[in-house]
Amino acid sequence: MVAITLPDGSVRRFDGPVTGTDIAESISKSLAKKAIAMRVDGALTDLFEPVARDATVEIVTRDDPQALELVRHDAAHLLAQAVQELYPGTQVTIGPVIEDGFYYDFARDEPFSSDDLERIETRMAEIVDEDRPTRKEVWDREEAIRHFKKIGETYKAEIIADLPEGEEIKIYWHGDWHDLCRGPHLPSTKHIGKAFKLMKVAGAYWRGDHRNPMLQRIYGTAWLSEKDLKAHLQRLDEAEKRDHRRLGRELGLFHFQPEAQGSVFWHPKGYMIWRVLEAYIRRRQDEDGYVEVKTPQLLDSVFWEKSGHWSKFRENMFVVPDEIPSTEEGKPVLSGEAGLMALKPMNCPAHVQIFKQGVKSYRDLPIRMAEFGCCHRNEAHGGLHGLLRVRQMTQDDAHIFCREDQITDETKRFLALFARVYDDMGLSDIRYKLATRPENRAGEDAVWDRAEKALADALTASGLDFDYAEGEGAFYGPKLEFHLTDAIGRTWQAGTFQLDYVLPERLDASYVDETGAKRRPVMLHRAVLGTFERFIGLLIEHYAGRLPLWLAPVQVVVATITSEADDYAKEAAALLAAKGLRVETDLRNEKINYKVREHSHAKVPAIAVVGAREADERKVSLRRLGAERQEVLDLDEAAARLGEEATPPDLRARKA
RNA sequence: GCCGCAGUAGCUCAGUGGUAGAGCGCACCCUUGGUAAGGGUGAGGUCGGGAGUUCAAUCCUCCCCUGCGGCACCA
């Protein structure tokens with residue numbers, strides 16, 4: 001007898017082992033039809049798995065929160081199945097579920113083309129229609145390895161050989177195709193449905209290690225319904241429209257060119273955003289007790305050896321010979337014998353030098369030392385990505401030198417600053433994580449215990465919920481991660497906060513404590529915006545280019561309807577400019593429709609239209625970006641209103 | 001750096017083994033028009049760079065560069 005307890009608490013008894021299908025059928029025909037898996041005492045299991053002991057069983061249908069993951073997992077198998085049927089000799093490796101879908105990595109000499117993707121997709125749909133049933137077998141480890149080697153699946157054989165001892169070797173069959181898998185799977189291919197689409201092919205290293213062969217990864221997306229699939233594809237379209245590289249070009253903000261790979265040419269409008277942000281964050285830092293410094297770009301390699309960067313970070317540094325290049329015709333430009341300098345990849349070691357000038361007392365601490373430091377990092381070519389991954393970047397960087405007992409307070413203070421700034425930026429959806437000690441680390445565990453606790457205390461005292469990111473800290477100390485969610489639900493990391501016990505030691509920074517003894521300060525590396533480059537990229541995508549008035553490079557365009565209003569337009573523009581607004585005039589010989597369209601495309605937040613009527617009455621017809629109507633206002637009132645709205649949030653708060 | 005794809009006018013893109021086209025943009029002319037494209041004319045390209053095949057290459061082949069999508073990297 002097997003007693004099965006259902007979620008409603010009722011108990012059903014069966015003569016012997018029962019499968020999920022049996023149980024579902026005993027409840028209702030329709031449930032049996034909808035069933036795709038079950039939970040036995042809470043563990044997700046195949047529907048066709050016999051239950052031989054008393055247990056609580058929950059039948060899982062497509063309405064279950066975990067159904068989508070099951071469907072995506074099966075879709076990955078479906079993909080592998082279709083590929084092996086169409087391209088015999090292709091080896092399968094792994095095929096996990098990822099955000100929005102799945103992928104499968106294949107070993108095949110010939111590359112897959114986009115035409116192949118279409119063929120594969122068609123074959124996948126056919127296999128769904130064929131409704132191939134799933135079944136599971138448990139094999140002996142050695143037998144499984146022999147089998148997969150024999151059929152030429154060497155990667156699978158390797159995976160099996162590496163499975164932990166004692167783990168069941170489960171083989172899943174979908175019709176006559178089989179694969180090693182931990183499961184669980186849907187009862188048949190029909191249940192996958194057809195709300196899937198193959199998205200792209202890409203290279204990926206076997207086991208993620210660049211020393212291993214490169215496999216071909218096919219990415220797919222899969223959903224529970226066609227409607228969900230369509231919505232997802234629409235989201236992708238939306239994201240593409242927000243791409244900061246595209247908007248940067250369309251709005252004339254910046255450009256890149258091959259001669260300066262990974263470095264930005266900021267155009268006047270793009271740099272205006274930078275200037276506004278920099279002025280804003282500088283004010284925020286000033287009021288929060290920071291001092292600002294400027295340190296050298298180019299420092300001798302000896303210095304980087306001391307800081308530890310030469311051994312740990314050199315492959316990411318730009319190294320420059322300290323010599324005057326030869327101008328002699330035919331001679332090599334550089335002798336190759338000169339001493340080496342390097343462009344700074346970080347500001348921290350230079351800040352320690354300023355700290356070390358003179359003797360510091362415990363009374364001087366904390367010192368919050370800020371720099372809008374321009375750093376260079378020699379990122380791999382393949383990793384560069386618009387403004388988000390560059391080789392020359394400027395951070396709103398600062399280092400807080402403090403005593404250990406000040407860590408919690410300084411962290412709280414930073415968290416408050418961080419929240420203020422992101423709220424002002426319209427980015428208030430932030431998730432906090434505390435990244436703890438990694439396996440490879442410097443320092444004693446007792447110090448790590450204190451450091452992690454100090455950060456956790458600060459988060460808690462600030463009333464913030466947070467998760468731990470175990471083992472994700474830097475080798476020199478734990479850190480806080482700030483995960484922002486943007487307007488279309490994507491997450492970003494920009495700011496950072498890291499505790500460092502190592503660098504003050506390496507560079508011999510010290511202060512004198514109450515007893516007259518020399519002590520090491522703790523260093524907090526922190527950036528609120530992160531880099532201006534990345535942060536501006538983030539803002540552009542978050543706002544889809546429609547920046548709030550205070551950040552918009554051009555805030556108002558005064559556009560004329562007829563040339564009779566030119567003089568008045570200039571007068572109006574001058575008045576708006578006097579209110580501190582960034583204003584342009586459009587006096588061109590074009591129709592007002594054309595002008596409105598063009599400035600709307602340029603995402604100018606406000607268009608002040610003036611014709612003969614407005615000129616007579618000293619008014620403007622104000623049209624806001626995205627609005628379908630306009631409002632006729634007295635010029636002075638319009639200037640006052642726009643001036644107020646364009647005031648950076650911190651200054652507005654100060655006035656109030 | 002690795003795998004794949006791509007590179008034609010400022011932008012978006014078409015096209016062909018016989019040295020190139022559209023729309024938008026730009027310039028000029030006409031038009032002074034009331035809230036998302038008024039009309040006309042014109043300028044603009046070493047078809048990413050180099051080599052090869054060919055009578056002839058933007059097109060075919062090879063190498064390089066750059067971009068894009070991933071991977072790896074990311075103090």
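By convention in this document, chain letters (A, B, ...) are assigned in the order of the sequence lines, proteins followed by strands, and residues within each chain are numbered from 1. Heavy-atom basis, side chains included; hydrogens, waters and symmetry copies ignored.
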Round to the nearest Å and state the distance from [X] atom [atom1] to [N] atom [atom2].
X        : N     : atom1 : atom2 : value
A:Met317 : B:C74 : CE    : P     : 16 Å
A:Arg246 : B:G67 : CZ    : C1'   : 16 Å
A:His385 : B:G69 : NE2   : P     : 5 Å
A:Asn378 : B:C73 : CG    : P     : 17 Å
A:Phe106 : B:C71 : CZ    : P     : 16 Å
A:His309 : B:C74 : NE2   : P     : 14 Å
A:Lys591 : B:A37 : NZ    : C1'   : 10 Å
A:Leu388 : B:G69 : CG    : C1'   : 15 Å

Please give the distance between the [atom1] atoms of [N] and [M] as a whole number of Å.
N     : M     : atom1 : value
B:C74 : B:G25 : P     : 47 Å
B:U19 : B:G23 : C1'   : 24 Å
B:A43 : B:A20 : P     : 15 Å
B:C5  : B:C60 : P     : 14 Å
B:A72 : B:A9  : P     : 35 Å
B:G42 : B:A6  : C1'   : 33 Å
B:C59 : B:U53 : C1'   : 13 Å
B:C13 : B:C28 : C1'   : 27 Å

Query raised in the report: Between A:Arg391 and B:C73, does any side-chain N or O lie under 4.0 Å from OP1 or OP2?
Result: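 For B:C73, OP1/OP2 do not have a side-chain N/O of A:Arg391 under 4.0 Å.
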Query raised in the report: Taking only N and O in the side chain of A:Asn593, is any of them less than 4.0 Å away from OP1 or OP2 of B:U35?
Result: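 Checking A:Asn593 against B:U35: no side-chain N or O falls below 4.0 Å of OP1 or OP2.
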Requested in this report: Evaluate the criterion ring pair (Phe, Tyr, Trp, His ring centres under 6.0 Å) for residue pair A:Tyr271 and A:Phe254; output intermediate values, then yes/no.
Outcome: CA-CA 8 Å; A:Tyr271 195 57; A:Phe254 55 84; over 10 Å; no
Would [X] and [Y] count as a close aromatic pair, with their ring centres under 6.0 Å?
X        : Y        : value
A:Tyr104 : A:Phe106 : yes
A:His483 : A:Trp492 : no
A:Tyr155 : A:Trp206 : yes

Query - Nearest-0.5 Å distance, CD of residue A:Glu371 to NZ of residue A:Lys294 - result: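 The distance works out to 5.5 Å.
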Query - Spatial distance of atom CG (A:Leu198) from atom CG (A:Leu79) [nearest 0.5 Å] - result: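 Rounded to the nearest 0.5 Å, the CG-CG separation comes out at 5.5 Å.
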Could you list all N or O pairs between the protein and nucleotides 22-27 of chain B that sit under 3.5 Å apart?
from	atom 1	to	atom 2	distance (Å)
B:G25	OP1	A:Tyr594	OH	3.0

Would you call the rings of [X] and [Y] parallel, tilted or perpendicular, taking 30° and 60° as the class edges?
X        : Y        : value
A:His399 : A:His525 : perpendicular
A:His255 : A:Phe265 : parallel
A:His376 : A:Phe318 : perpendicular
A:Phe355 : A:Phe401 : parallel
A:Phe313 : A:His309 : perpendicular

Query raised in the report: Does the B:A36 base have a donor-acceptor partner in the side chain of A:Arg623 within less than 3.5 Å?
Result: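 Check passes, donor-acceptor contact within cut-off.
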Query - Pairing pattern in dot-bracket form [Watson-Crick, G-U; both distances under 3.5 Å; | = partner strand] for RNA chain B - result: (((((((..((((....[..)))).(((((.......))))).....(((((..]....))))))))))))....
**Report entry** pair A:Phe418-A:Val528: side-chain heavy atoms closer than 4.5 Å
**Finding:**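 Yes. Closest side-chain heavy atoms under 4.5 Å.
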Query raised in the report: On RNA chain B, nearest-nucleotide positions of A:Asp243 versus A:Ile561: which is more 5'?
Result: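 Counting from the 5' end, the first nearest nucleotide belongs to A:Ile561.
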Query raised in the report: Which residue lies toward the 5' end of RNA chain B, A:Glu379 or A:Ser600, if each is placed at its nearest nucleotide?
Result: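 Looking at RNA chain B, the more 5' nearest nucleotide goes with A:Ser600.
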Query raised in the report: So A:Tyr432 and A:Phe482, ring pair (Phe, Tyr, Trp, His ring centres under 6.0 Å) or not? Walk me through it.
Result: CA-CA 5 Å; A:Tyr432 297 84; A:Phe482 309 99; 5.7 Å; yes
Query raised in the report: Taking A:Arg506 for the side chain and A:Lys306 for the main chain, is one N or O donor matched with an acceptor at less than 3.5 Å?
Result: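 Pair found, side chain donor or acceptor close to backbone of A:Lys306.
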Report task. Kindly point out which of B:C73, B:A36, B:C68 is positioned nearest to the side chain of A:Arg389? Result ->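 The answer is B:C73.
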Query raised in the report: Considering residues at least two apart in sequence or located in another chain, which fulfil the side chain to side chain donor-acceptor pair (under 3.5 Å) criterion with A:Arg526?
Result: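 Applying side chain to side chain donor-acceptor pair (under 3.5 Å) to A:Arg526 gives A:Gln285, A:Tyr290.
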Query raised in the report: Going by number, which of residues 252-267 of chain A have a non-hydrogen atom under 4.0 Å from RNA chain B?
Result: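 Here the set is A:Pro258, A:Gln261.
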Query raised in the report: Would the number of heavy atoms belonging to other residues, nucleotides or ligands and lying under 6.0 Å from CD of A:Glu259 be above 12?
Result: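 Enclosed.
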If you restrict it to nitrogen or oxygen atoms, what contacts under 3.5 Å exist between nucleotides 1-5 of chain B and the protein, and what is each distance?
from	atom 1	to	atom 2	distance (Å)
B:G1	OP2	A:His381	ND1	2.6
B:G1	N7	A:Gly382	N	3.3
B:G1	N2	A:Tyr205	OH	2.5
B:C2	O4'	A:Tyr205	OH	3.2
B:C3	O2	A:Gly203	N	3.2

**Report entry** Nearest non-hydrogen partners of A:Pro345 and A:Met317, listed with the distance
**Finding:**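 What the structure gives for the nearest pair is CG-CG, 3.7 Å.
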Query raised in the report: Salt bridge between A:Asp634 and A:Lys619, side-chain N to carboxylate O under 4.0 Å?
Result: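 Yes, A:Asp634 and A:Lys619 are salt-bridged.
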Requested in this report: Indicate, with a heavy-atom threshold strictly under 4.0 Å, whether A:Ala559 touches base, sugar-phosphate, or nothing.
Outcome: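 Nothing, no nucleic acid heavy atom in range.
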Query raised in the report: Base, sugar-phosphate, or nothing for A:Glu614, non-hydrogen atoms under 4.0 angstrom?
Result: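 Contact class for A:Glu614: base.
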Filtered N/O pairs between nucleotides 8-14 of chain B and protein, under 3.5 Å:
from	atom 1	to	atom 2	distance (Å)
B:U12	OP1	A:Arg249	NH2	3.0

